[in-house]
Structure formats: structure tokens, C-alpha cells
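Note sheet for the following structure.
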Amino acid sequence: MKHGKRLVIERIFNAPRSAVWRAWTGPDLRKWWGPEGFSAPLASVDLRPGGRYVFAMHGPEGSDWDKDMYSAGVYKEIVPQTKLVVTDYFSDEKGEMLEPANAGPDPDFPRVSTVTELFEEAAGGKTKLTIMYPEPETKKEREAMVNSGMKEGWNSSLDKLKKTLEMK
């Protein structure tokens, strides 16, 4: 995660952009969503402007994360195989927004973020994925995001995505 105006996570995959896009927006999402040791009991995608997604991840049995945890959002912009702009927030199983304090993390976590996801061709038939969160409005919100383990969780999830792509 880079400091500055935005929080940015980048990864290069040894797969064509079309494959990364399909894994990001299709049924394979459940194979990799959530950090290592987590499952994805739900990945609902209505991939159209104004459509909504609802994802769930479930942590390892016996851990503090041994429960379904939901996030949801709305697709604001879709450029197939190139760009997604989505809102992102904690939710219940129906995709209804929850306040961060009621979803478990720090109550200072931003209530909703608008996230940009870029899929770019890279040398050798690879794909560069960039996930950009806007600069939080306050220092407390930024600290809540950084301290939440978001960076580590995303990197672990992207490791699982890499394995999913390699199995194709």
C-alpha cells in the first residue's frame, strides 16, 4: 500500500488480461476471495453500471474470524477488461450497508469508499492489476484502514488469485 493521495495495491499476474478479468468478475471469484485460510461462501456479481455485488468471506474454524463477513458495493463504471469503478462498504448478507462499528473493524474505518480497479496489459502477455482506494477524509480513517490489515488481506487474496489463474 502506497502512501500519498491514494491507497494503492498493485500486482502483476502471469496471465492475459481477459483471464484476470474473468477471475475477478466471474464464478472463479469464490476460489480466491479472502485471505489464505478463508473461504468465500458468497460472491454475487451483477456486472452492469448500477448493478451490485455482495461478497462474503469466512475465516478459519475456531479463529476470531470464524463467521461470515460481508462487503458490497455498486458498479459505477465498467470498461470491460480494462477498468471497474465501484463503491465498497461493509454489509449484511443482502448487501445492505452496515456502519463500520457494527461490522467489527475500527469505527473510524470509512463508511464507503469508491475504488478504482485497473487491468492493464504488461510485457510478455502478463496483466498488471491496480486497486486504488481514495485518500481517506481524515487521518483517523486512514489509520483505521492501515491498521485493519487491509494490505495484508489483499495481498493474501491476490496470492490466491495467482494460484487460481495458474490452474487454468
For Thr130 and Met132 the tightest heavy-atom approach is CG2-CG, 3.7 Å

Do the ring planes of Phe38 and Trp65 sit parallel (below 30°), tilted (30 to 60°) or perpendicular (above 60°)?
-> tilted

Mark yes or no for whether Thr127, through its side chain, and Ala15, through its backbone, hold a donor-acceptor pair below 3.5 Å.
-> yes

Can you name the closest pair of heavy atoms from Pro100 and Pro107 and give their distance?
-> CB-O, 4.3 Å

Between Arg30 and Leu42, what is the shortest heavy-atom contact and its length?
-> NE-N, 4.1 Å

Atom CZ of Arg52 and atom CD of Glu96: how far apart are they, to the nearest 0.5 Å?
-> 5.0 Å

Counting N and O atoms only, with roles assigned by atom type, does the side chain of Arg17 sit under 3.5 Å from a partner on the main chain of Gln81, one being a donor and the other an acceptor?
-> yes

For atom NZ of Lys160, decide whether the heavy atoms of other residues, nucleotides or ligands shown that lie under 6.0 angstrom number more than 12.
-> yes

Test: Arg111 and Glu137 ion pair at under 4.0 Å = no

Would you say Tyr89's side chain and Gly95's backbone share a donor-acceptor pair under 3.5 angstrom?
-> yes

Would you give the length of the straight line joining atom CG of Leu158 to atom CD of Glu10, rounded to the nearest 0.5 angstrom?
-> 11.5 Å

Can you list the steps and then say if Glu36 with Asp159 is a side chain to side chain contact (heavy atoms under 4.5 Å, CB included)?
-> CA-CA 8 Å; Glu36 189 64 43; Asp159 288 344; 5.8 Å; no

Closest heavy-atom pair and its distance - Ala56, Pro41 = O-CD, 3.5 Å

In terms of hydrophobic clusters joined by side-chain contacts under 4.5 Å, are Leu165 and Ile12 together?
-> no

With sequence neighbours excluded, what pairs up with Phe90 under the ring pair (Phe, Tyr, Trp, His ring centres under 6.0 Å) test?
-> Phe109

Do Phe119 and Trp154 sit in the same hydrophobic cluster, where Ile, Leu, Val, Met, Phe, Trp and Tyr count as joined when their side-chain heavy atoms come under 4.5 Å apart?
-> yes

Looking at Glu121, Arg11, Glu120, which one forms a side-chain contact (heavy atoms from CB on, under 4.5 Å) with Lys128?
-> Glu120

Taking a hydrophobic cluster as the set of Ile, Leu, Val, Met, Phe, Trp and Tyr residues connected by side-chain heavy atoms closer than 4.5 Å, whether directly or through intermediates, do Met69 and Trp32 fall within one such cluster?
-> yes

To the nearest 0.5 Å, atom CE of Met57 lies from atom CG of Asp68 at 10.5 Å

What's the shortest heavy-atom distance between Pro134 and Ser113, and which atoms?
-> CD-CB, 4.3 Å

Any Arg22 side-chain heavy atom under 4.5 Å of Asp28 side chain = no

Can you get from Ile78 to Val45 by hopping between Ile, Leu, Val, Met, Phe, Trp and Tyr side chains that sit under 4.5 Å apart?
-> yes

Hphob cluster co-occupancy, Leu98 + Tyr70, side-chain heavy atoms under 4.5 angstrom | no

What one should report as the nearest heavy-atom pair of Ala43 and Leu29 is CB-CD2, 3.6 Å

Measure the shortest side-chain to side-chain distance between Pro110 and Met145 over non-hydrogen atoms and say whether it is less than 4.5 angstrom.
-> yes

Atom CG in Leu161, atom CD in Glu166: separation rounded to 0.5 Å?
-> 10.0 Å

Are the side chain of Thr87 and the backbone of Val74 linked by a donor-acceptor contact shorter than 3.5 Å?
-> yes

Flag yes if more than 12 heavy atoms outside Asp66 fall under 6.0 Å of its CG atom; otherwise flag no.
-> yes

Do the side chains of Thr116 and Lys83 get nearer than 4.5 Å, heavy atoms only?
-> yes

Can you tell me how far CG of Leu84 sits from CH2 of Trp21, rounded to the nearest 0.5 angstrom?
-> 3.5 Å

In Å and rounded to the nearest 0.5 Å, what is the OG1 to CD distance from Thr82 to Glu77?
-> 10.0 Å

Any side-chain heavy-atom pair from Asp106 and Ser148 closer than 4.5 angstrom?
-> no

